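One structure is given here, and the rest of the page talks about it.
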Amino acid sequence: MFARGYPVASLAAHTTRRALPGLGSARAYASTPPRGPVRRVLRPIYVAGAAALAAGFTLYSFDSRAGVHRYVITPLMRYFLDAEQAHAWAVEAAKWGLVPRDGKPDDDALRVTLWGRELSNPIGLAAGFDKHAECIDSMFSLGFGTVEVGSVTPEPQPGNPKPRVFRLAEDGAIINRYGFNSQGHQAVLEHLRMRKRHHRAYGKLNAYRSFHDGRLLGINLGKNKTSPEDTGDDFVLGVQRLGHMADYLVVNVSSPNTPGLRGMQRKDVLYNLLKEVKQARDALDEPRPPLLVKIAPDLSDGELEDIAAVVYDCQLDGIIVANTTIQRPSTLKSDPVLARESGGLSGPPVRPMTLHCLREMYRLTGGTVPLIACGGVQSGKDALDYARAGATTIQLYTGMVYEGPGIVRRIKDEIADELHGKRWMDVIGEDVRSASPPPSPPSL
Ligand SMILES: Cc1cc2nc3c(=O)[nH]c(=O)nc-3n(C[C@H](O)[C@H](O)[C@H](O)COP(=O)(O)O)c2cc1C
């Protein structure tokens, strides 16, 4: 007789050998049921259970609403990685598509018309996260209505020495002095071309350069540190080289980490710059991307008035209000040593400044120029406050650092709830309009 092909004698010898170092006697061992058949039945059940669990967890974690992102992955990344490492890892994961998806369709109340195009929602990703245009589609899959890449400089440059990004966790804020670390126009153009080839291969080219219906891709243009001050050449090059890949372009004259850049917000300098850049934009083939300027939240009311006049005169298509601030509000709760790090502060502490600039800009432009609000948005209420102060759409970055990718869906749901049957478009500028009549259009 053979059991599983082994002679019984051999099996007995094996049993005896196994019994000796164990519980004592071979009889005790022999009285326990044979484990082979039980294992054979249980193993596939274990394997199937583990596979089902893994599949379930994967499906769950690929839903942007899953709490695991907000309560587990994001805090773990903050605990184990410094701010710049966490940023690099997040971009790397997104490059490989390892990000959750917002599978829920956008509520109709969130639709917004911008530059004659209808967007499915007004929430955008601000510049600075995807600096080199490496993970655009992953960002759209989080549910953003607009994604802005950059800032991109003409030549590659490394930016400032590390460390250059700091979390002010108690304030939900960040200080960064990246200093336009950029792979340069050529590399970004190559990334955008590769992406276009990919979308073409899948037959997904459409009227949007985002290649997603109802969503826009913005390219934010910066300036090399070594370029001469007060000249617009770098921005003109950006328009010429990258303009045909963008649904809109942004002239960034407000980053605090490039010496002399913010000085380009001065009336006469800005006028010459924007005229020159606008000419370059007008020379592009149709459809020409709308051209915007991004301003700082630290401007005085007089400076805002000057900028409104310049924007109006140059017939720009919009203003992003605003970049990070060089101020350190007295409300900051984080370690003062950290708060003294030089660089631009972002997150909730900039909200009051940004809100003030936005209201003023809406009043000054009489609501005729689309305004994109950016600074410390963490909730649907923050977004609606900006809309009521005159924002056509909003952008965020720091909120996603602290909350993770689910913030986009949460904010969209909160807006839809808080609109109480109204539409986003209905509330734009309503606070400012009710407070004061629109002034006559500004002029230089
Ligand atoms: C780490 C970091 C890098 C940034 N880099 C850029 C940039 O390259 N260009 C730019 O225009 N704004 C940049 N910003 C500013 C953001 O686009 C945004 O204007 C600002 O952070 C305020 O929004 P938030 O409070 O939602 O982050 C950066 C912000 C952060 C936090």
Side-chain angles (χ1 to χ4, degrees), residues 82-88 90-91 123-133 139 144 146-153 157 159-160 162-168 171-184 188 218-225 235 238 248-258 261-262 264-265 292-298 319-327 329 341 343-355 357-358 371-379 382-383 386 391 393-403 407-408 411:
D82 71 36
E84 183 161 353
Q85 283 169 337
H87 179 194
V91 172
I123 314 299
L125 175 65
F129 178 78
D130 187 6
K131 283 182 181 273
H132 320 301
M139 293 301 104
F144 284 113
T146 63
V147 169
E148 190 172 311
V149 299
S151 295
V152 196
T153 58
Q157 63 175 32
N160 290 321
K162 298 176 187 175
R164 51 191 179 175
V165 194
F166 307 88
R167 296 187 194 102
L168 275 62
D171 299 290
I174 287 179
I175 291 176
N176 93 83
R177 52 167 180 267
Y178 266 119
F180 285 166
N181 53 321
S182 175
Q183 295 182 3
V188 166
I219 301 183
N220 181 306
L221 304 173
K223 188 173 189 285
N224 278 119
K225 191 177 176 180
F235 298 108
Y248 71 91
L249 290 169
V250 182
V251 176
N252 177 9
V253 283
S254 46
S255 280
N257 306 309
T258 296
L261 187 73
R262 286 160 55 107
M264 296 187 86
Q265 295 173 102
L292 289 79
V293 63
K294 183 168 178 178
I295 62 172
D298 308 309
I319 311 175
I320 300 187
V321 188
N323 214 309
T324 53
T325 176
I326 50 170
Q327 296 179 54
E341 288 290 349
L345 174 74
S346 57
V350 305
R351 231 169 20 230
M353 285 172 242
T354 303
L355 197 58
C357 292
L358 183 70
L371 303 176
I372 297 180
C374 181
V377 173
Q378 282 186 316
S379 66
D382 299 337
Y386 279 149
T393 62
I394 66 107
Q395 294 180 330
L396 62 88
Y397 178 173
T398 305
M400 190 167 73
V401 170
Y402 283 95
E403 183 169 327
I407 190 170
V408 192
I411 288 181

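Atoms within each ligand, like the ligands themselves, are counted from 1 in listed order. This one's a predicted model, so the numbers in the text were calculated from it and none came from an experiment. Any value given below was found using the heavy atoms of this structure, including those in side chains, with hydrogens, waters and symmetry copies removed. Start at 1 with the first residue, then count along the sequence.
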Within reach of ligand 1, part of [X] (heavy-atom separation under 4.0 Å):
X: H87; value: neither
X: F129; value: neither
X: E148; value: neither

Legend entry - Salt bridge D82-K162, side-chain N to carboxylate O under 4.0 Å: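 Between K162 and D82 there is no salt bridge, as every charged N stays at least 4.0 Å from the carboxylate O atoms.
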[X] versus [Y], closest heavy-atom pair with distance:
X: M400; Y: L125; value: CE-CD1, 3.8 Å
X: T354; Y: G375; value: OG1-CA, 4.3 Å
X: G344; Y: P256; value: CA-CG, 3.7 Å
X: V147; Y: M139; value: CG2-CB, 3.8 Å
X: P349; Y: D171; value: CD-O, 3.8 Å

Main chain of [Y], side chain of [X]: is a donor-acceptor contact present, judged purely on distance under 3.5 Å?
X: Q157; Y: F180; answer: yes
X: E341; Y: I175; answer: no
X: N220; Y: A127; answer: no
X: S182; Y: T153; answer: yes

Find all atoms of ligand 1 within a distance of less than 4.0 Å from any non-hydrogen atom belonging to [X], and give their numbers and elements.
X: G376; answer: 24 (P), 25 (O), 26 (O)
X: N220; answer: 10 (C), 11 (O)
X: G347; answer: 25 (O)
X: Y178; answer: 1 (C), 3 (C)
X: K294; answer: 10 (C), 11 (O), 12 (N), 15 (C), 16 (C), 17 (O), 18 (C), 19 (O)
X: C374; answer: 18 (C), 19 (O), 22 (C), 23 (O)
X: T324; answer: 15 (C), 20 (C), 21 (O)

Test your reading of the structure: does [X] have an N or O sitting under 3.5 Å from an N or O of ligand 1?
X: T398; value: yes
X: Q395; value: no
X: N252; value: yes

To which protein heavy atom is [atom] closest, and what is the distance rounded to 0.1 Å?
atom: atom 15 (C) of ligand 1; value: N323 OD1, 3.4 Å
atom: atom 26 (O) of ligand 1; value: Y397 N, 2.9 Å
atom: atom 4 (C) of ligand 1; value: G128 CA, 3.6 Å
atom: atom 7 (C) of ligand 1; value: S151 OG, 3.5 Å
atom: atom 8 (O) of ligand 1; value: K131 NZ, 2.9 Å

Legend entry - Per atom 28 (C) of ligand 1, closest listed option by heavy atom (A127, G222, S346): A127
Inset, instruction - Determine the sole option in L358, L292, I320 for which the side-chain contact (heavy atoms from CB on, under 4.5 Å) test with L371 is passed. - result: L358
Inset, instruction - Report yes or no: does a heavy atom of A322 sit under 4.0 Å from some atom of ligand 1? - result: yes
Legend entry - CG-CZ distance between D382 and R351, expressed to the nearest 0.5 angstrom: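 If we round to the nearest 0.5 Å, D382:CG and R351:CZ are 4.0 Å apart.
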